[in-house]
Amino acid sequence: MKNLILMLALMLLPYTQAFAESASDRQQPATKAAHGDRTYQVILLRHGESVMNTQRRTSGWGDTHLTDKGVAAGLAVGELLKKEGISIDAIHTSYLARAIKTSWLALEGMDMMWVPVHTNWRLNETNQGAFEGKTRDEQVAQWGEEHMKNWEASFDMRPPLMANDDPKNPASDPRYSGIPNVPQAESMKDTLERIRAYWQNVLIPELKSGKTIMVVGHSNALRSLSKSIDDSLEEATLKKMDIPNTIPVVYTLDANMKPISRRTLNPSGL
C-alpha cells in the first residue's frame with residue numbers, strides 16, 4: 001500500500017510543480033502593480049497676472065497684487081482642474097501675496113476650499129536685490145546694458161545687493177523675522193538650491209504618503225522646481241524656460257519620483 005501511494009505521488013509531482021509555477025506567475029503582476037507601478041502627481045502653477053507684471057517691473061520678494069485678469073484666471077484654472085478630474089490634497093506656496101491669493105482662487109474654482117495651503121519662504125521668487133521694482137530700462141540706466149545682459153544670461157550671478165535702508169528690503173519684513181541670514185539678492189543657482197531642498201525634504205515625503213500636491217509659485221521658483229523634478233533639464237537654459245501665468249503643468253512621477261510625463265493644460269481664454 002505504501003509503495004502504491006509513493007508511486008502515485010511521483011507520477012503527480014510534475015503536475016504539482018507546474019501548478020505551483022503557474023500560480024507564482026499569476027501573482028507577480030499583482031505584486032508589481034502594488035509596489036512598482038504606483039504613480040504620483042504634482043501640479044505646478046504660476047500665480048495670476050500681477051500689477052507689476054503689467055508694468056513690466058521686476059518682482060522678486062516684494063509683494064504685488066493680482067490684476068482683475070489675474071483674479072479671473074485664478075478662478076478659471078481651478079474650474080479647469082475640476083473639469084479635468086484632478087483632485088488635490090494640499091497646496092504649497094510662497095510667502096508672497098500674489099501666489100497665496102492664486103492658491104485661494106484656484107481652490108474656490110475647484111470647490112475645494114477646505115484643502116490646506118502651506119506657505120514657506122523657500123518657495124519665494126528669486127530675491128532680485130536692487131533690481132526689485134525697477135523696469136529693465138531703469139536697470140540699464142543705472143547699471144548699463146552690458147551688466148544687464150551678463151546677468152540675464154548667467155546662472156550664478158547675483159543682482160546688486162539691496163540697500164539696508166531700502167523699505168523693500170526683506171530683512172525688515174516681519175514675515176521673515178524668524179529666518180536667519182535673509183538673502184539680500186539671489187542668483188538662479190541660489191534659488192535652485194533652496195527649492196531643491198524643499199522638494200527633497202518636504203514635497204517628496206508628502207507625495208510618497210499618497211497625496212496629490214499643487215505648488216503655486218513664481219517663474220524662477222517653478223523653473224527651479226522643474227529642474228529638481230527632472231534633472232535632465234540644463235541649468236543654462238532654466239532662465240529661458242517659459243512659465244506662463246495660470247497655466248498648470250501636471251507631472252506624473254514613478255515610484256522613484258522620476259517624471260513619467262509632463263502635461264500642460266492650456267485652454268483658450270486663460
Side-chain angles (χ1 to χ4, degrees), residues 38-50 53-54 56 59 66-67 69-94 96 98-112 115 117-118 123-126 155 188 191-192 195-196 198-199 203-204 206-207 211-270:
R38 183 170 184 176
T39 60
Y40 305 84
Q41 274 194 334
V42 57
I43 300 101
L44 278 53
L45 180 68
R46 186 183 174 192
H47 62 80
E49 180 189 75
S50 73
N53 289 153
T54 63
R56 303 185 70 81
S59 53
L66 298 181
T67 63
K69 178 181 176 182
V71 170
L75 283 168
V77 78
E79 293 167 359
L80 168 66
L81 292 169
K82 180 180 179 181
K83 182 180 178 181
E84 290 284 326
I86 295 175
S87 179
I88 61 174
D89 300 297
I91 285 181
H92 290 255
T93 190
S94 70
L96 302 169
R98 57 194 184 273
I100 296 170
K101 183 69 174 288
T102 302
S103 301
W104 297 343
L105 292 164
L107 288 176
E108 184 176 348
M110 296 177 78
D111 291 329
M112 298 184 71
V115 168
V117 177
H118 306 289
L123 295 176
N124 276 16
E125 179 58 299
T126 301
F155 177 68
M188 189 74 190
T191 308
L192 175 59
I195 295 287
R196 179 177 280 155
Y198 195 80
W199 167 247
L203 297 180
I204 284 181
E206 192 159 331
L207 286 166
K211 293 181 179 180
T212 296
I213 296 169
M214 183 158 71
V215 180
V216 180
H218 312 266
S219 54
N220 281 342
L222 293 180
R223 290 181 181 111
S224 298
L225 183 54
S226 298
K227 169 67 175 172
S228 302
I229 294 170
D230 183 0
D231 199 49
S232 69
L233 293 172
E234 296 290 334
E235 291 178 351
T237 63
L238 283 186
K239 280 193 172 184
K240 300 176 183 177
M241 187 177 182
D242 189 28
I243 308 286
N245 296 99
T246 53
I247 301 297
V249 176
V250 182
Y251 276 98
T252 300
L253 311 174
D254 65 18
N256 296 314
M257 294 292 124
K258 301 300 181 183
I260 298 170
S261 66
R262 180 184 187 274
R263 183 166 62 108
T264 300
L265 306 181
N266 190 6
S268 60
L270 279 183

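On a predicted model such as this, the values are computed, not experimentally measured, just so you know. By convention here, the first residue in the shown sequence is residue 1. Just the heavy atoms: all of them, side chains too, but no hydrogens, waters or symmetry mates, feed the values below.
- Using a 4.5 Å heavy-atom threshold, the side chains of Trp104 and Val216 count as separate.
- Ring-plane geometry between His92 and Tyr198 is classed as perpendicular, the angle between the planes exceeding 60 degrees on a 0 to 90 degree scale with a lower cut at 30.
- Residues Ser219 and Glu125 approach most closely at OG-OE2, 2.9 Å, considering heavy atoms.
- Looking at Asn220 and Arg223, their side chains come closer than 4.5 Å, going by heavy atoms from C-beta outward.
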List the atom pairs, with distances to 0.1 Å, where a side-chain N or O of residues 72-90 and a protein N or O form a donor-acceptor pair under 3.5 Å, not counting sequence neighbours.
{"from": "Lys82", "atom 1": "NZ", "to": "Asp111", "atom 2": "OD2", "distance (Å)": "2.5"}
{"from": "Glu84", "atom 1": "OE1", "to": "Arg263", "atom 2": "NH1", "distance (Å)": "3.3"}
{"from": "Asp89", "atom 1": "OD2", "to": "Thr212", "atom 2": "N", "distance (Å)": "2.8"}

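- Summarising the geometry of Ser94 relative to Leu123, their closest heavy-atom pair is CB-O, 3.4 Å, with the distance given to 0.1 Å.
- At a threshold of 4.5 Å between non-hydrogen side-chain atoms, the residues Arg196 and Ser224 do not count as touching.
- By the 4.5 Å heavy-atom criterion applied to side chains, Asp230 and Arg262 are not counted as neighbours.
- For Lys227, the salt bridge (Lys or Arg N to Asp or Glu O under 4.0 Å) partners at least two apart in sequence or on another chain are Asp231.
- Take Thr191 and apply the side-chain hydrogen bond (donor to acceptor under 3.5 Å, both in side chains) test, not counting sequence neighbours, and it matches Thr126.
- Counting all heavy atoms, side chain and backbone alike, Ser103 lies closest to Ile91 at OG-CG2, 3.6 Å.
- Residues Leu45 and Thr102 are in side-chain contact: their nearest non-hydrogen atoms beyond the backbone lie under 4.5 Å apart.
- Side chain of Asp254 to main chain of Asn256: a donor-acceptor pair is present (N/O by atom type, distance under 3.5 Å, no hydrogens or angles).
- Every residue two or more places apart in sequence or in another chain that forms a ring-ring contact (aromatic ring centres under 6.0 Å, His included) with His218 is listed here: His47.
- Applying the salt bridge (Lys or Arg N to Asp or Glu O under 4.0 Å) test to residues at least two apart or on different chains, none of the pairs has a partner in residues 237-247.
- Proximity of Glu235 to Leu192: side-chain heavy atoms (C-beta onward) are separated by under 4.5 Å at one or more points.
- The ring-ring contact (aromatic ring centres under 6.0 Å, His included) search around Tyr40 returns none, not counting sequence neighbours.
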